[in-house]
Amino acid sequence: MQTYSVRDITEYIKGLFDADRNLGSVWVQGEVSRLTRARSGHWYFTIKDAHAQLSCVMFRSAASRVSIDVSPGAEIVVHGKIGVYVARGEYQLVADMIEAVGGIGDLHRQYEELKRKLAEAGLFDQARKRAIPTFPARIGVVTSPNAAAWHDIQTVLSRRMPLVEVILSPTLVQGTEAPAQIVAALKRLYRSDADVILLARGGGSLEDLWCFNDELVARTVAASPIPIISGVGHEIDFTIVDFVADLRAPTPSAAAELATPNRDDLLQDIDRLRMRLAQQFDESLGLRSRELTNMQRQLRWLTPSKRIEADSRVLLELRQRQYRAVATFLTHLHERLASRERALNAANPAHILGRGYALVIDERGDIIRRAAQVSAGQRLDIRLAEDKIKVKVDE
Amino acid sequence: MTDDIKKLGYEAAFQQLEDLVAQLESGEKSLEESVALYERGRQLSAHCQSLLENAQLRVRQVDDEALRD
């Protein structure tokens with residue numbers, strides 16, 4: 001089991017109080033008891049009702065602004081933040097405003113009532129919230145041209161997105177005239193071509209910001225045809241307008257930031273696209289160049305000279321085969337001829353005559369084979385191998 | 001730079017640039033088309049950049065008089 005020091009656990013509890021949204025700004029009504037006005041100017045007192053009591057401290061600067069009677073027994077409304085005083089391990093209300101019951105306390109009740117009423121009317125519904133355009137060309141601004149908020153907004157817009165055109169719709173942002181002026185200023189922009197509207201005012205006292213809790217202002221914001229970003233007061237201030245607006249920014253500068261893309265981001269986007277463009281183009285060219293090389297290689301194979309070369313090889317081969325075939329045939333013919341010649345030679349009568357035989361031939365050249373072919377006194381030739389003898393038949 | 005690009009506002013030019021890159025990336029473009037797209041993309045990005053870098057915040061004011069109709 002972990003053991004804490006008293007200090008650590010108290011700091012931990014203090015952290016819980018500080019992180020709590022409700023305790024950061026509360027109105028508490030009660031009766032004053034045990035009031036001590038210290039020499040430092042700080043006030044230490046307790047407020048109580050029938051069931052409980054609450055320690056309060058009010059520092060000198062805030063205490064000096066209190067205009068009503070604060071003495072034991074008085075019923076008051078205190079505004080402030082509830083936190084932990086670590087040194088004494090106590091929680092306390094650090095007061096920044098004290099009002100009489102029926103004073104600002106009444107305003108506060110009005111605030112809560114209006115908030116409830118508009119919430120019930122559905123004006124705070126998330127579903128009603130419109131998206132803020134990513135690239136506004138024109139930004140409408142409802143604020144006082146004489147206040148720091150206007151300067152802050154221009155500074156932020158110049159830095160982030162100087163491409164936008166700003167349409168200022170001037171108005172008072174505090175005092176009894178303010179709500180009607182804000183309504184008129186908003187309506188002027190509703191008739192303009194603004195893409196988004198900033199409704200802004202710098203920090204101020206609760207009373208200063210009160211015009212942003214006006215019902216007509218809230219309803220006018222809700223009825224806007226153009227998305228509205230509210231940027232009223234400081235981080236912790238929540239006005240009715242904040243609930244009705246499409247987007248709530250904690251300050252005027254923040255509202256200007258939420259309304260615009262950042263130029264540096266945009267420049268980076270362009271660079272990225274440009275790189276993708278170049279890469280794509282290079283790839284496309286590279287691919288084509290490879291394709292072309294392949295084609296050229298194929299083309300070289302298909303060129304006519306290659307074809308002729310290939311064909312003539314085939315032709316040569318055919319011709320050689322033809323020669324071979326003819327030569328073989330001729331040889332065959334020669335051999336047949338030689339064999340016939342040999343046979344012919346064997347049959348040549350000269351050879352037979354050479355061996356001592358003779359041929360008897362009559363005057364007509366016929367060979368005499370029988371005695372009956374001749375008659376007495378007929379002349380005949382006897383053919384020998386070398387020459388012939390002329391003879392005459394006796395009988 | 002072609003005149004039609006010069007007339008484009010930032011958002012329109014940027015949108016065209018995005019579309020064009022996506023188109024190139026989807027492929028199947030003839031070389032001629034690719035070259036044309038690339039050239040246009042280059043001009044669009046230059047236009048966007050110059051719009052951003054040279055922009056001066058313009059402020060006008062609408063008063064009751066200005067919009068009274």
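A note on names: the letters A, B, ... follow the listed sequences, proteins ahead of strands, and every chain is numbered from 1.
- Across every non-hydrogen atom of B:Q49 and A:I270, the tightest pair is N-CD1, 3.8 Å.
- In this structure, B:Y38 and A:F281 have parallel ring planes: the angle between them is below the 30° cut-off, well short of the 60° mark.
- With hydrogens and angles disregarded, no donor-acceptor distance shorter than 3.5 Å links the side chain of B:R42 to the backbone of A:L277.
- One distance of note links CG of B:L20 with CZ of A:R276; it measures 10.5 Å at 0.5 Å rounding.
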| Would A:R274 and B:V21 satisfy side chain to side chain contact (heavy atoms under 4.5 Å, CB included), going step by step from the backbone distance to the final call? | CA-CA 8 Å; A:R274 195 179 280 151; B:V21 171; over 6 Å; no
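- Residues A:V166 and B:R58 have side chains not in contact (no heavy-atom distance under 4.5 Å, counting atoms from C-beta outward).
- For A:Q279, no part lies near chain B; criterion is any non-hydrogen pair under 4.5 Å.
- Heavy atoms from other residues, nucleotides or ligands lying under 6.0 Å from CD of B:E53 number more than 12.
- Crowding of A:E177 atom CD: a count of heavy atoms from other residues, nucleotides or ligands under 6.0 Å not exceeding 12.
- Atom-to-atom distance recorded for A:L285:CG and B:S34:OG is 7.5 Å, nearest 0.5 angstrom.
- In terms of heavy-atom pairs under 4.5 angstrom with chain B, the leader among A:D271, A:I139, A:L168 is A:L168.
- In this structure, chain B has heavy atoms under 4.5 Å from both the backbone and the side chain of A:R263.
- In terms of non-hydrogen atom pairs under 4.5 Å with chain A, the most contact-rich of B:G9, B:C48, B:S45 is B:S45.
- A 6.0 Å sphere centred on CD of B:E32 holds no more than 12 heavy atoms belonging to other residues, nucleotides or ligands.
- Of the inter-residue distances, the one linking A:S169 atom OG with B:Q61 atom CD reads 8.0 Å to the nearest 0.5 angstrom.
- The shortest side-chain heavy-atom distance between B:E11 and A:L163 does not fall under the 4.5 Å cut-off.
- For chain B, the nearby parts of A:E165 are the backbone and the side chain; heavy atoms of each come within less than 4.5 Å.
- Closest approach of B:V62 to A:P170, counting heavy atoms only: O-CD, 3.2 Å.
- The distance from atom CG of A:L266 to atom CG of B:L52, rounded to the nearest 0.5 Å, is 5.5 Å.
- A distance of 5.5 Å separates CG in A:L157 from CG in B:L57, rounded to the nearest 0.5 Å.
- Side chain of B:R60 to backbone of A:I167: no donor-acceptor contact under 3.5 angstrom is found.
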